[in-house]
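Below is one structure, written out as structure tokens; the observations come after it.
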Amino acid sequence: MPFLVTDSAGALPAETLPALKLTERCGQPARGHIYAYLRCYVRGGAFHYDVTVFDGAAPATQRAGLALSADDGAERYLWAEFGAKGGESLAVCRAGGAGPDRPEQTLALPAVRRTAGGDEQGLYWGVQGVIPADAFLAAFGRAPRAGMILPGNVFLYDTREAAFLSAFPAAGRVPTAQGFEPFVIVPY
């Protein structure tokens, strides 16, 4: 099922964007089902993201991962990883094999803004930032724009176990290109 992502000429507040919720399980995560979502938009070829995870007692091994490709076959994809307690990275991964996909190239990820707090859903941690257009250009030769489809998925996992949560049904080990669905870039 496609997820619509706005291509905007200006910055957009995350609260105005639709949330892509992580509702699928692969295995049984030890900490159960944790409510998490991604809000995002494209601006000037850059992918702006806001990941929120409702787990106030998140272990240092908890990670959120965002996988995006500009390749319809999704053989290569960008893998952005964010730790509950820090440790962000961006890499180009190649799909394939039964184990987790391996990074083949590390890219620069601009500093993220960390968030934490609580609301009616509970205590949360999160990250806000951008995957620059240069990363898409380096990996795929083109940057996101209106009319484009980016196959991808969003994950929440713990590095100590194989089970994970995702936005779209997936199998295997994280990072993985399994379960990619279209992120459709639409003009705002």
More than 12 heavy atoms of other residues, nucleotides or ligands under 6.0 Å from NZ of K21: yes or no?
no
Tell me the closest heavy-atom pair linking F180 and S69, and the distance in Å.
CE2-CB, 4.3 Å
First locate atom CZ of F82, then atom CH2 of W125, and finally report the distance between them rounded to the nearest 0.5 Å.
8.5 Å
Kindly give the heavy-atom pair with the smallest separation between Q28 and E161, and that separation in Å.
O-OE1, 4.0 Å
Between L78 and V92, does the side chain to side chain contact (heavy atoms under 4.5 Å, CB included) criterion hold? Intermediate values first, please.
CA-CA 5 Å; L78 290 174; V92 178; 3.9 Å; yes
Just verifying a value: how many Å separate R142 CZ and L137 CG, rounded to the nearest 0.5 Å?
10.5 Å
What do the steps show when you test L12 against L17 for side chain to side chain contact (heavy atoms under 4.5 Å, CB included), and what is the final call?
CA-CA 8 Å; L12 297 175; L17 301 169; 3.8 Å; yes
Can you tell me how far the CG atom of L107 sits from the CG atom of L109, to the nearest 0.5 Å?
9.0 Å
Report yes if some heavy atom in the side chain of R145 is under 4.5 Å from a heavy atom in the side chain of D7; otherwise report no.
yes
Does C26 reach the side chain of S166, with side-chain heavy atoms less than 4.5 Å apart?
no
Do the non-hydrogen side-chain atoms of L66 and L38 ever get within less than 4.5 Å of each other?
yes
What class does the angle between the rings of F47 and F136 fall in, given that below 30° is parallel, 30 to 60° is tilted and above 60° is perpendicular?
tilted
Shortest non-hydrogen contact from Y41 to V5?
CA-CG1, 3.7 Å
Do R94 and R102 have side chains that get closer than 4.5 Å, going by heavy atoms?
no
Y35 side-chain N/O to Q121 backbone N/O, donor-acceptor pair under 3.5 Å:
no
Nearest heavy-atom approach of P29 to A163 is N-CB, 3.5 Å
If you take all heavy atoms of P144 and V42, which pair is closest and at what distance?
O-CG1, 3.7 Å
Rounded to the nearest 0.5 Å, how far does NE2 of H48 lie from CD of Q128?
11.5 Å
If hydrophobic clusters are built by linking Ile, Leu, Val, Met, Phe, Trp and Tyr wherever their side-chain heavy atoms come under 4.5 Å apart, do L22 and Y77 end up in the same one?
no
May I have the list of side-chain donor-acceptor pairs in residues 146-159 shorter than 3.5 Å, sequence neighbours left out?
{"unit_1": "N153", "atom_1": "OD1", "unit_2": "A167", "atom_2": "N", "d": "3.3"}
{"unit_1": "N153", "atom_1": "OD1", "unit_2": "F168", "atom_2": "N", "d": "3.1"}
{"unit_1": "N153", "atom_1": "ND2", "unit_2": "F168", "atom_2": "O", "d": "3.1"}
{"unit_1": "N153", "atom_1": "ND2", "unit_2": "G179", "atom_2": "O", "d": "3.3"}
{"unit_1": "Y157", "atom_1": "OH", "unit_2": "E81", "atom_2": "OE2", "d": "2.2"}
{"unit_1": "D158", "atom_1": "OD1", "unit_2": "T61", "atom_2": "OG1", "d": "2.9"}
{"unit_1": "D158", "atom_1": "OD1", "unit_2": "R160", "atom_2": "N", "d": "2.9"}
{"unit_1": "D158", "atom_1": "OD1", "unit_2": "R160", "atom_2": "NE", "d": "3.0"}
{"unit_1": "D158", "atom_1": "OD2", "unit_2": "T61", "atom_2": "OG1", "d": "3.1"}
{"unit_1": "D158", "atom_1": "OD2", "unit_2": "R160", "atom_2": "NH2", "d": "2.8"}

Kindly give the heavy-atom pair with the smallest separation between T176 and R173, and that separation in Å.
CB-O, 3.2 Å
Joint cluster assignment, L68 & L90, ILVMFWY side-chain distance < 4.5 Å:
yes
Are I34 and L20 connected, step by step, through hydrophobic side chains (Ile, Leu, Val, Met, Phe, Trp, Tyr) whose heavy atoms are closer than 4.5 Å?
yes
Is there a chain of hydrophobic side chains (I, L, V, M, F, W, Y, each step under 4.5 Å between heavy atoms) that links Y124 to Y37?
yes
Evaluate the side-chain proximity of D101 to W79: yes if any heavy-atom separation is below 4.5 Å, no if none is.
no
Indicate yes or no: does R114 engage E88 in a salt bridge with an N to O separation below 4.0 Å.
yes
